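For reference, the structure is listed below as structure tokens.
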Amino acid sequence: MTLPIQIAPSVLPADFSKFGEEIHALDEAGVDIIQFDVMDGQFVPNLTFGPDVIAAVRPYTTKPFEAHLMVYTPDVMAQRYIEAGCQRLIVHAEACTHLHRTLENIRNMGATAAVALNPHTPASTVENILDLVDMVLVMTVNPGFGGQSYIKTMEPKIRQVRDMITARGLGDTVHLEVDGGISPTTIAGAAKAGANVLIAGSALYKDPQGLGHAVTELRALATAAFAD
Ligand code: DX5
């Protein structure tokens, strides 16, 4: 058994001058989770949200928050993002010298822990920590910016991670998320490869029929294509 399809926005394209309203609009559009793309300007060449920004918009929805920590020092800031209202923290394997300990610490602080893999990082990286996570994120772009093109060559890696999850009997507890370039034309490939949580930024905000239509369309396409 695998977990249901979930559609989650990247908030990078949102209007930050009215961020709270934008979060409410995403809730109304039917997203399952809200992902904050946290960037430190070092691990990736961009700088985004501190914990206080997330805390400020927490009251605008009851939907779960996850912080995608594209940062070199997730251990330093993890507690602050949990206190700000994030239920899940996603750390990059490439940024963690002691990934096993980092994930254990996040769980001990009361959040769920997830690990992200950049395009060059092999699926085998998560083999020894699958028992500590509730999600693996396979990046389908090189992190740092929205609006990039989907890297289709990541689909065999998505399939590898899905098969690892299934082989360990973790299909009903561990999600497989993809992030980057997800749109109506790319989502089926990612879902067919085994992704059940799909992050979309540009595709949501570019839909001329609005956020709600975009979420509904992406969910339908992913559900039809998903293969575990
Ligand atoms: C990492 C960012 C983007 C974003 C998705 O670079 O976190 O992947 O979430 O942006 P789109 O959906 O526009 O590719």
Side-chain angles (χ1 to χ4, degrees), residues 5-16 19 22-23 25-26 29-51 53-54 57 63-72 74 77 81 86 88-95 114-121 135-155 157-158 175-191 193 195-208 210-219 221-222:
I5 293 291
Q6 295 184 330
I7 302 297
S10 155
V11 297
L12 284 182
D15 179 348
F16 298 149
F19 205 17
E22 295 278 89
I23 296 298
L26 287 166
V31 300
D32 296 290
I33 318 164
I34 295 180
Q35 184 187 96
F36 294 87
D37 320 77
V38 177
M39 301 180 187
D40 65 359
Q42 301 295 320
F43 184 70
V44 292
N46 199 354
L47 193 59
T48 59
F49 316 104
V53 173
I54 296 174
V57 298
K63 296 278 174 76
F65 282 359
E66 65 180 32
H68 177 189
L69 299 175
M70 290 168 271
V71 303
Y72 265 130
M77 298 295 285
Y81 281 94
C86 294
R88 177 186 286 136
L89 299 188
I90 306 167
V91 299
H92 269 264
E94 304 86 359
V115 60
L117 304 176
N118 279 336
H120 73 283
T121 305
M135 188 172 78
V136 176
L137 164 53
V138 176
M139 292 300 294
T140 45
V141 294
N142 288 292
F145 301 92
Q148 300 180 87
S149 298
Y150 175 76
I151 304 174
K152 190 167 178 60
T153 54
M154 289 297 108
E155 288 178 1
K157 181 161 91 171
I158 298 167
H175 294 276
L176 202 176
E177 180 174 279
V178 296
D179 178 358
I182 295 298
S183 73
T185 57
T186 61
I187 195 166
N196 74 293
V197 184
L198 301 114
I199 300 289
S202 312
L204 292 189
Y205 287 88
K206 283 182 176 173
D207 188 323
L211 291 171
H213 175 268
V215 172
T216 302
E217 181 183 35
L218 289 175
R219 181 178 283 114
L221 290 167

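Each residue takes its place number in the sequence, starting with 1. The structure presented is a predicted model; accordingly, all values stated were derived computationally and were not measured. Ligands are counted one by one from 1 in listed order, and the atoms in each one are counted from 1 as well.
- Between the side chains of Thr48 and Asp37, no donor N or O sits under 3.5 Å from an acceptor N or O.
- Of all protein heavy atoms, the one closest to atom 2 (C) of ligand 1 is Asp37 OD2, 3.6 Å.
- Tested against Glu177, the residues Gln6, Gln35, His68, Arg88 include a single side-chain hydrogen bond (donor to acceptor under 3.5 Å, both in side chains) partner, Gln35.
- Remark: ligand 1 and Met70 share no N or O pair separated by less than 3.5 Å (distance only, no angle test).
- Two rings, from Phe49 and Phe19, have their centers less than 6.0 Å apart.
- Ranking the protein heavy atoms by distance from atom 12 (O) of ligand 1 puts Gly201 N, 2.7 Å first.
- For Lys152, the salt bridge (Lys or Arg N to Asp or Glu O under 4.0 Å) criterion is met by Glu155, not counting sequence neighbours.
- The single protein non-hydrogen atom nearest to atom 14 (O) of ligand 1 is Gly181 N, 2.8 Å, given as residue, atom name and distance.
- Atoms of ligand 1 found under 4.0 Å from any heavy atom of Ser202 (numbered from 1 in listed order, with element): 11 (P), 12 (O), 13 (O).
- Of all protein heavy atoms, the one lying nearest to atom 10 (O) of ligand 1 is Gly146 CA, 3.5 Å.
- In this structure, the protein non-hydrogen atom closest to atom 5 (C) of ligand 1 is Asp179 OD1, 3.3 Å.
- Shown in contact with Pro143 at under 4.0 Å from a heavy atom are these atoms of ligand 1, numbered in order with element: 1 (C), 6 (O).
- The shortest N or O to N or O distance between Gln35 and ligand 1 is not under 3.5 Å.
- The ligand atoms of ligand 1 that sit less than 4.0 angstrom from a heavy atom of Gly147 are 11 (P), 13 (O), 14 (O).
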